[in-house]
Amino acid sequence: MSPDIMLTIAKKEWQQIRRDTFTLLISVWMPFVLLLLFGTAITLDIRNIAIGALDQDNSQLSREMLFRITSGGYFVINKRLSNPEDIDYELNSGGANLAVWIPEHFSENLKKGRNPSLLVLMDGSDNNTAGVALGYFQTLLQGFLSEMNKGNLPVDVKDRVWFNPELKSTDFLIPGLIGIIMMITCTTLTALSIVKEKERGTIEKLMVAPVKPVEFIIGKILPYSIIAFVDFLIIFLGGIFIFGMPFNGSLLLLLVLSVLFIAVGLSYGLFISSLTGSQQIAWMVSLLTTLLPSMILSGFLFLISSMPYALQAVTYLVPARYIISILRGIILKGNGGIELLPHILPLIILCTGFIYGSSIMLRKRPAG
Amino acid sequence: MIRQVLNIAKKEFILLRRDRKMYPILFIAPIVQLILFGYAATFDVKNVPVAVYSNDNGSIARRYLEMFTASENFVITQNASNINELEKAIISGPAKLGVVIPSDFSKNIRRGKTGAVQFLVDGADSNTGIIVLNYAKAITQAFNEETATTLNSWKRRAMHLLFPRIAFDPRIRVLYNPELRSADFMLPGVVVIVLFVTTTILTAMSIVKEKELGTMEQIIVTPLKPAEVIAGKLLPFIIIGFLELGIVLSAGATIFNVSVKGSVPLLFCLSGIFILTTLGLGIFISTITHTQQQSMTMAFFIIVPMVLLSGFIYPIKNMPEAIQYLTFVIPLRYFLVIIRGIFLKGAGIGVLWDEALILLIIGLFIISVSILRFNKRLA
């Protein structure tokens with residue numbers, strides 16, 4: 001291996017990238033746009049759920065109850081309905097997500113201990129919002145009830161929330177976003193750049209040149225690792241300085257591990273490029289196998305323990321799963337020791353696996 | 001005119017048929033997406049690991065913890081022997097909830113006093129954190145109800161006589177998706193995404209490929225009109241779009257048992273309007289890029305923000321107001337409302353006409369701008 005040759009190839013690649021200002025622009029713009037989207041527009045916090053209220057009791061107690069439900073900011077009363085037929089229309093047209101129907105004599109029956117019923121209708125078509133909204137709703141109702149029962153509960157709860165006490169979803173999403181962007185850019189850029197040479201036949205010219213395959217590959221992916229590192233910095237620094245993401249861990253450790261993340265992405269891109277000779281397919285495969293699994297099967301948004309077991313098993317093969325755990329561990333929890341090992345080791349194994357796999361595939365087709 | 005269009009469409013089909021490697025991507029990818037979004041993309045909170053630090057071996061404390069184990073939401077994975085161990089379980093994982101029970105818990109409750117429990121929640125995952133806390137509190141509420149009615153404490157009985165407990169019975173009914181299955185919610189969304197991604201990218205790529213290979217010039221010198229070229233090139237992708245729609249619909253019905261509540265012909269009709277916008281977008285991308293790689297990157301750059309802002313996973317209502325206005329120009333937004341309405345609520349054109357109209361206007365606008373740009377470049 002000669003560093004000179006590698007640098008020459010890296011230089012050639014860099015010139016090609018520079019000439020293609022379009023791709024360069026997008027690989028730097030994309031993370032920035034995504035950061036802005038996830039920092040501002042996209043939030044998992046469910047607030048302002050629209051209620052259509054039909055209060056036929058119209059007593060002090062029923063008004064008090066509705067006030068209590070809406071006071072936390074989770075629910076707003078969108079419409080006061082006057083007859084039961086309106087409920088259907090409101091839910092069907094999406095004017096309200098939830099309808100509360102307080103029947104006549106509700107408070108009177110309640111005070112006399114007659115256990116009056118309260119009808120709650122929920123639009124379940126968005127199951128996520130509906131599930132969370134129901135949870136809030138029941139907690140608020142129970143809180144209202146136990147207050148009316150003058151406390152004296154057998155068990156009283158004090159809760160403390162760690163790492164993200166305001167439970168802001170931005171703090172949770174941005175570290176995950178770093179992992180996803182790095183996987184996508186590293187993988188697609190590497191796969192495309194190598195496949196492009198295959199498609200144009202320029203790879204044969206390089207093969208007959210006195211360049212070893214290792215030198216060729218390292219030289220080729222060097223510029224892309226720099227782009228990926230810049231992407232990493234954009235999201236990380238943007239997250240901290242624009243969106244106030246906390247940083248509780250060791251910067252040095254994060255930087256060292258980011259090299260590992262880049263290596264995994266690059267080796268996977270290499271593996272894809274060894275499987276196919278067409279840019280179109282390389283692009284589709286790398287997007288399909290990085291974007292979707294990194295977003296869905298990594299714990300970025302969805303809890304892995306809630307998935308069916310077969311899919312839980314698949315998540316062990318998704319590098320983003322480990323990358324995101326490490327990023328959240330360091331950034332939010334200040335992890336910095338032995339507890340990160342269970343995430344680091346699988347990444348090393350996956351990385352070697354991809355490199356080994358692509359070397360086998362390349363050897364099978366020596367002409368490329 | 002029609003003959004010319006059909007001839008070009010035929011040529012395009014032959015090209016597509018030869019590209020065997022695209023088959024799995026065209027037809028398997030939608031099903032993979034369906035499975036991923038249907039099964040994995042769920043905000044359900046189940047089997048959450050819980051660490052417990054309890055100094056109380058009394059029967060009441062045990063009963064309280066039993067209620068955690070009995071719920072499908074929690075699994076007690078660790079019994080910590082001191083508070084440090086409990087904290088460590090949360091810091092280094094896997095526990096997301098820590099429950100601390102003091103030594104006088106059972107004793108206090110038996111005497112009619114209040115037992116104090118502490119919850120430690122890993123808030124790093126804000127969404128799960130909130131839900132976990134809600135569930136844990138709900139379990140505590142249930143335990144309180146149970147204890148208040150069953151426990152024989154003279155003090156509690158006296159309280160009961162003095163202040164009879166009042167209660168009401170909330171009857172909760174969930175409409176349209178009573179089991180709150182994510183497949184029901186996701187499937188219509190996946191239909192939209194699959195249609196959007198494949199038709200946009202395929203259109204852009206097929207035009208740019210001709211540019212890249214230089215065959216576009218050959219077509220231009222033939223006596224074909226630009227409109228015929230475009231119509232002929234788009235026809236196969238319209239057909240593929242409808243094919244994919246059919247695949248996802250039938251896969252959804254067989255794998256997930258989600259079937260369309262409303263009218264299927266209406267669904268196909270309105271999908272036709274939507275495909276107009278995606279094809280227009282594809283042509284537009286092809287006019288601003290020169291190579292296949294560029295057009296793929298550009299397509300990605302346009303598609304991802306559109307999907308994120310469309311309300312596919314994240315409700316538009318939760319976004320800041322300025323961004324909510326931005327979503328009005330995203331055609332996906334309207335089509336999602338249409339397709340979810342038809343799928344889940346069985347809505348008809350009477351409820352959906354306004355979305356359909358806006359979609360049609362956006363579609364006509366995009367496609368005419370793109371064709372104008374395309375013509376200008378050919379001239």
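The chains referred to below are lettered A, B, ... by the order of the sequence lines, with proteins before strands, and numbering in each begins at 1. Because the structure is predicted, anything quoted here is derived from the model rather than measured.
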When rounded to the nearest 0.5 angstrom, what is the spacing between [atom1] in [X] and [atom2] in [Y]?
X: B:I313; Y: A:L301; atom1: CD1; atom2: CG; answer: 6.0 Å
X: B:T297; Y: A:M30; atom1: OG1; atom2: CE; answer: 10.0 Å
X: B:I91; Y: A:L332; atom1: CD1; atom2: CG; answer: 13.0 Å
X: B:F37; Y: A:M295; atom1: CZ; atom2: CE; answer: 9.0 Å
X: B:I35; Y: A:L292; atom1: CD1; atom2: CG; answer: 12.5 Å

Relative to chain A, which segment of [X] carries a heavy atom at a distance below 4.5 Å: side chain, backbone, both, or neither?
X: B:L326; result: neither
X: B:V99; result: neither
X: B:K96; result: side chain
X: B:E355; result: neither
X: B:M296; result: both
X: B:I201; result: side chain

Quick one: which of [options] has the most heavy-atom pairs under 4.5 Å with chain A, could you say?
options: B:P305, B:G98, B:A138, B:A40; result: B:A40
options: B:R340, B:Q324, B:M298; result: B:M298
options: B:M205, B:K209, B:K88; result: B:M205
options: B:E72, B:E87, B:M186; result: B:E87
options: B:P188, B:P320, B:G341; result: B:P320
options: B:L308, B:L344, B:I131; result: B:L308

Checklist entry - For atom CG of A:L341, is the number of surrounding heavy atoms from other residues, nucleotides or ligands below 6.0 Å larger than 12? => result yes
Is [X] in contact with chain B via its backbone, its side chain, both, or neither, using a 4.5 Å heavy-atom distance?
X: A:I102; value: neither
X: A:L91; value: both
X: A:L34; value: side chain
X: A:W101; value: neither
X: A:L287; value: side chain
X: A:L192; value: side chain
X: A:F38; value: side chain
X: A:L291; value: side chain

Next on the checklist: Run the side chain to side chain contact (heavy atoms under 4.5 Å, CB included) test on B:D122 and A:K333 for me, step by step, so that the C-alpha distance in whole Å, both residues' side-chain angles and the decisive distance to 0.1 Å come before the verdict.
Outcome noted: CA-CA 9 Å; B:D122 173 359; A:K333 301 186 178 183; 3.1 Å; yes
Side-chain heavy atoms of [X] within contact of [Y], under 4.5 Å:
X: A:D123; Y: B:K345; answer: yes
X: A:T188; Y: B:F300; answer: no
X: B:K46; Y: A:L303; answer: no

Item to check | Whether B:N47 side chain and A:S305 backbone form a donor-acceptor pair below 3.5 Å | outcome: yes
Item to check | Residue among A:L340, A:L311, A:V314 with most heavy-atom pairs under 4.5 Å to chain B | outcome: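 Most pairs with chain B among the choices: A:L311.
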